[in-house]
Amino acid sequence: QVQLVESGGGLVQAGGSLRLSCAASGNIFSIQDMGWYRQAPGKQRELVAVATSGGHTNYQDSVKGRFTISRDNAKNAVALQMNSLKPDDTAVYYCNAAVPIVRGSSITYSVWGQGTQVTVSS
């Protein structure tokens, strides 16, 4: 079993910054993609940013230039630095990891963190 533990989040004024962290523990072979999703009230969960094990990153258009995802493969950890926050960024943020089903497999299953609330006041 792989578990993701998130930290960070909270309440911040518009224009402020927050940093989210996520660490994986358990029976880990080699995590492939790690990323962050968010879900605002009444909306679907959406991808915010993702980092591959090879270091490639991808961002949702609305956060480009404001958010930075970073990954530490040795620690099976990923972080999301969020700057210039806007009220529209308010959501529950979830860490996600694509974990191989067995060592060396390219087939993965998805693991989710418990979610952390980010609230940006105007």
Side-chain angles (χ1 to χ4, degrees):
Q1 274 296 63
V2 175
Q3 296 171 336
L4 300 178
V5 178
E6 301 156 350
S7 60
L11 174 63
V12 66
Q13 288 188 331
S17 298
L18 285 173
R19 182 177 179 84
L20 306 181
S21 298
C22 173
S25 62
N27 194 11
I28 301 170
F29 301 118
S30 179
I31 296 176
Q32 296 187 16
D33 294 355
M34 290 191 80
W36 292 92
Y37 288 70
R38 67 186 181 187
Q39 187 167 18
K43 295 187 178 181
Q44 290 188 331
R45 191 173 296 188
E46 61 181 8
L47 175 68
V48 176
V50 63
T52 70
S53 58
H56 296 288
T57 59
N58 192 32
Y59 296 89
Q60 181 190 114
D61 284 347
S62 69
V63 308
K64 286 180 180 178
R66 300 188 297 122
F67 291 9
T68 302
I69 189 169
S70 58
R71 181 168 171 175
D72 186 336
N73 289 334
K75 296 182 179 180
N76 291 308
V78 65
L80 185 69
Q81 178 66 41
M82 305 184 292
N83 299 328
S84 302
L85 282 161
K86 305 175 180 179
D88 284 348
D89 295 318
T90 296
V92 178
Y93 284 69
Y94 296 91
C95 180
N96 176 266
V99 180
I101 56 173
V102 294
R103 188 185 298 277
S105 175
S106 61
I107 302 172
T108 62
Y109 67 97
S110 194
V111 179
W112 294 92
Q114 78 279 7
T116 185
Q117 178 70 46
V118 171
T119 303
V120 184
S121 62
S122 58

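On a predicted model such as this, the values are computed, not experimentally measured, just so you know.
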Response to the item:
Arg19 meets the salt bridge (charged side-chain N to carboxylate O under 4.0 Å, His left out) criterion, sequence neighbours left out, with none
Practice prompt. Report yes if some heavy atom in the side chain of Leu85 is under 4.5 Å from a heavy atom in the side chain of Phe67; otherwise report no.
Written response: yes
Item to complete: With the side chain counted from C-beta on, respond yes when Met82 and Leu20 share a heavy-atom pair under 4.5 Å apart, and no when they do not.
Response: yes
Worksheet item: Looking only at atom types and distance, does a side-chain atom of Gln60 sit under 3.5 Å from a main-chain N or O of Leu47, one as donor and one as acceptor?
Response: yes
Practice prompt. Could you tell me whether a side-chain N or O of Asp72 sits under 3.5 Å from a main-chain N or O of Ala77, the two making a donor and an acceptor?
Written response: no
Item to complete: For Asp33, check salt bridge (charged side-chain N to carboxylate O under 4.0 Å, His left out) against everything at least two apart and list the hits.
Response: none
Just distance, no hydrogens or angles: give the donor-acceptor pairs under 3.5 Å from side chains in residues 115-122, sequence neighbours left out.
unit_1 : atom_1 : unit_2 : atom_2 : d
Thr116 : OG1    : Gly8   : O      : 2.9
Gln117 : NE2    : Ala91  : O      : 3.4
Gln117 : NE2    : Thr119 : OG1    : 3.3

Response to the item:
Looking only at heavy atoms, the pair that brings Thr57 and Ala51 closest together is CG2-CB, 4.1 Å
Fill in: Test salt bridge (charged side-chain N to carboxylate O under 4.0 Å, His left out) applied to Lys64 - qualifying residues, sequence neighbours left out
Asp61
Worksheet item: Looking only at heavy atoms, which two atoms of Val78 and Met34 are closest? And how far apart?
Response: CG1-CE, 3.8 Å
Discussion item. Give me the atom names and distance for the closest heavy-atom approach of Ile31 to Ser53.
Written reply: O-CB, 3.7 Å
Practice prompt. Might you point out which heavy atoms bring Glu6 and Cys95 nearest each other, and give the distance in Å?
Written response: OE2-N, 2.6 Å
Practice prompt. Might you point out which heavy atoms bring Arg45 and Tyr37 nearest each other, and give the distance in Å?
Written response: CG-CB, 3.8 Å
Worksheet item: Is there a side-chain contact between Arg38 and Asp89 (heavy atoms, below 4.5 Å)?
Response: yes
Compile the donor-acceptor pairs under 3.5 Å between side chains in residues 100-111 and protein atoms, sequence neighbours left out, one pair per line.
unit_1 : atom_1 : unit_2 : atom_2 : d
Ser105 : OG     : Ile107 : N      : 3.0
Ser110 : OG     : Asn96  : ND2    : 2.6

Response to the item:
residues 109-122 vs salt bridge (Lys or Arg N to Asp or Glu O under 4.0 Å), sequence neighbours excluded, gives none
Discussion item. Ignoring hydrogens, what is the shortest heavy-atom contact between Ser84 and Ser17? Give both atom names and the distance.
Written reply: N-OG, 4.3 Å
